[in-house]
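In the text below, chain A, chain B and the rest are named by the order of the sequence lines, each starting its count at 1. These figures come from a predicted structure and were not determined experimentally.
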Protein chains: 2
Amino acid sequence: MSKASDRAYDAIRGMILSGELSSGDPLREEALAQACGVSRTPIREALRQLEVDLLVRRTESQRSYVADWSLDDVADAFELRAMLEGHAARRAAERITDDIVDELKHYNKAIFAAISKPRPDVPTFLDRNREFHALVLDTAGSPRLKNLLTALIEQPVVWRTAHNYDPTAFQNSHSEHADLISAFERRDGPWAESIMAGHIRRAFHAYCDAHKGMGALKKGAA
Amino acid sequence: MSKASDRAYDAIRGMILSGELSSGDPLREEALAQACGVSRTPIREALRQLEVDLLVRRTESQRSYVADWSLDDVADAFELRAMLEGHAARRAAERITDDIVDELKHYNKAIFAAISKPRPDVPTFLDRNREFHALVLDTAGSPRLKNLLTALIEQPVVWRTAHNYDPTAFQNSHSEHADLISAFERRDGPWAESIMAGHIRRAFHAYCDAHKGMGALKKGAA
DNA sequence: CTTCTGCTAATTGTATACAATAAAGCGAAC
DNA sequence: GTTCGCTTTATTGTATACAATTAGCAGAAG
């Protein structure tokens with residue numbers, strides 16, 4: 001996407017993720033255009049993309065609203081991620097080269113450094129973690145799988161949960177990555193698959209723990 | 001999508017599937033607009049959708065081209081379908097009601113009727129088959145899964161292959177649906193999953209047989 | 001009191017003009 | 001002869017005006 005569309009996309013996405021907009025809020029093109037300082041054309045493009053991301057839902061009459069993510073939806077998303085990323089890990093194990101393994105080790109070292117500080121560096125953790133998973137996905141060598149997963153991976157759920165990780169969860173994440181790398185070194189697809197699936201499922205349970213009693217994702221603002 | 005966008009989408013999609021446009025052909029908005037009798041705006045929307053469908057690819061400089069589907073890509077798509085539709089079948093088996101089972105039986109009966117004629121009624125087969133799979137997918141009750149699969153399910157591969165089915169393949173398809181219904185009646189998720197996965201894989205092999213020696217999807221026209 | 005109908009206002013869809021950007025072709029310098 | 005850079009041209013991005021559609025509401029009929 002190009003400049004204005006990107007600005008619009010990031011802006012709207014930010015408003016949704018930050019809770020400035022709540023579930024079910026209507027998204028009117030004209031209003032968003034003013035808010036983002038662009039015309040309706042790039043807004044329309046951004047909304048289409050956000051719809052693919054499932055952050056925005058459209059009614060049959062083409063009106064757009066902020067999507068609502070119930071706990072079931074979140075579970076659903078994590079389940080699919082577990083399956084698809086597990087599959088990706090298996091394929092990656094069958095195709096990986098030593099160079100890629102080294103690169104993964106490098107990312108995981110950076111993750112370790114970020115979470116070993118007295119006060120964990122969450123943004124760095126998130127970035128390296130993202131890169132780690134992206135590299136696995138690339139190594140899987142399936143453009144379609146990549147397409148499906150990217151729509152699933154960068155979603156509010158993932159985004160919000162990490163801030164609530166406790167130190168143990170960080171450690172678990174890091175050591176699961178290490179296990180995954182071991183599976184890759186042995187080119188053991190099934191092992192890689194099961195580690196990855198478990199890795200995602202653990203993230204889901206971390207999410208559940210973090211959101212216990214706080215009404216899931218309802219009402220982000222206020 | 002609305003009228004003009006739809007027309008554009010169908011028209012371009014048709015041009016690609018029929019082979020009127022070949023892999024790698026550039027898609028220029030202005031030219032398509034004229035060809036479809038609409039302005040560039042709906043064309044742009046259609047192209048974005050076709051890109052999601054993976055029928056169109058865009059370069060970094062935002063130019064659009066007809067995507068090329070190598071045999072590997074086709075295999076890739078079928079593998080993902082097998083996994084995801086298998087998953088959907090398992091979920092469906094855990095959630096299905098007797099009414100839905102009856103409806104599936106009804107579709108499968110219609111399929112049987114269509115393929116039992118002296119000269120099989122392929123369009124009807126395709127329609128009922130589509131409805132059968134769509135109902136399973138709905139019953140799975142995962143909007144995200146549905147989202148992912150619809151992007152995968154209506155693709156050139158599926159579309160073209162059925163025309164080359166031999167009578168045996170039609171029969172197999174019908175009897176696998178019957179098996180699936182049995183699994184649903186017993187609410188046996190794992191069974192349903194494996195039948196569905198096999199069902200899709202068989203379709204892939206039917207595709208391979210039909211395209212043996214005819215250079216996969218290269219050069220559809222001429 | 002409810003429901004249907006028609007009007008009004010709000011919102012999205014489409015077309016088109018113009019701006020920005022990337023590709024292609026040409027020419028000069030080395 | 002090749003390569004670098006400029007100019008030209010083709011193509012996409014953005015803004016805006018207008019058309020079409022939809023929702024919301026008021027008012028009359030039952």
Tell me whether the side-chain N/O atoms of A:Ser5 come closer than 4.0 Å to OP1 or OP2 in D:dT14.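 Result: yes.
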Distance, rounded to the nearest Å, where [X] contributes [atom1] and [N] contributes [atom2]:
X: B:Arg48; N: D:dT14; atom1: CZ; atom2: C1'; value: 12 Å
X: A:Glu60; N: D:dT21; atom1: CD; atom2: P; value: 15 Å
X: B:Gln62; N: D:dT14; atom1: CD; atom2: C1'; value: 14 Å
X: A:Arg44; N: D:dG13; atom1: CZ; atom2: P; value: 15 Å
X: B:Leu47; N: D:dT12; atom1: CG; atom2: P; value: 8 Å
X: A:Glu45; N: D:dT14; atom1: CD; atom2: C1'; value: 10 Å
X: A:Glu30; N: D:dC18; atom1: CD; atom2: P; value: 15 Å
X: B:Asp6; N: D:dA20; atom1: CG; atom2: P; value: 18 Å

task: Tell me, please, which residues at least two apart from A:His174 pass ring pair (Phe, Tyr, Trp, His ring centres under 6.0 Å).
output: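 A:Phe112.
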Heteroatom pairs (N/O) under 3.5 angstrom, protein to nucleotides 15-17 of chain C:
{"residue": "C:dA15", "atom": "OP2", "partner": "B:Ser39", "partner atom": "N", "Å": "2.6"}
{"residue": "C:dA15", "atom": "OP2", "partner": "B:Ser39", "partner atom": "OG", "Å": "2.9"}
{"residue": "C:dA15", "atom": "N7", "partner": "B:Thr41", "partner atom": "OG1", "Å": "2.8"}

Check: For A:Leu27, which contact category applies under a 4.0 Å heavy-atom criterion: base, sugar-phosphate, or nothing?
Finding: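 It contacts sugar-phosphate atoms only.
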query = Counting any heavy atom closer than 4.0 Å, what does B:Leu32 reach on the DNA or RNA strands: base, sugar-phosphate only, or nothing?
reply =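 No contact.
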Can you check nucleotides 20-22 of chain C for protein contacts, nitrogen or oxygen pairs under 3.5 Å, and list what you find?
none

How would you list, by chain and number, every residue that makes a side-chain contact (heavy atoms from CB on, under 4.5 Å) with B:Glu193, sequence neighbours excluded?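 Expected list: B:Arg90.
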(Q) List the residues meeting side-chain contact (heavy atoms from CB on, under 4.5 Å) with A:Asp121, not counting sequence neighbours, and say none if there are none. (A)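 Only A:Ala114, A:Lys117, A:Pro123, A:Thr124 meet the side-chain contact (heavy atoms from CB on, under 4.5 Å) criterion with A:Asp121.
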Tell me, please, which residues at least two apart from [X] pass side-chain hydrogen bond (donor to acceptor under 3.5 Å, both in side chains).
X: B:Lys105; result: B:Glu185
X: B:Asp76; result: A:Ser142
X: A:Asp98; result: A:Arg187

Of all the nucleotides listed (C:dT11, D:dT11, C:dT12), which has the minimum atom distance to the side chain of B:Arg28?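 So the side chain of B:Arg28 is nearest to D:dT11.
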Can you confirm whether or not the ring centre of B:His199 sits under 6.0 Å from the ring centre of B:His133?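 B:His199 vs B:His133: aromatic centres under 6.0 Å.
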With a 3.5 Å cut-off and sequence neighbours excluded, list the donor-acceptor pairs that the side chains of residues 30-41 of chain A form with protein atoms.
{"residue": "A:Ser39", "atom": "OG", "partner": "A:Thr41", "partner atom": "N", "Å": "3.3"}
{"residue": "A:Arg40", "atom": "NE", "partner": "A:Glu29", "partner atom": "OE1", "Å": "2.9"}
{"residue": "A:Arg40", "atom": "NH2", "partner": "A:Glu29", "partner atom": "OE1", "Å": "3.0"}

With the threshold set at 4.0 Å, does a side-chain nitrogen-carboxylate oxygen contact exist between B:Glu51 and A:Arg48?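 No, no charged N to carboxylate O under 4.0 Å.
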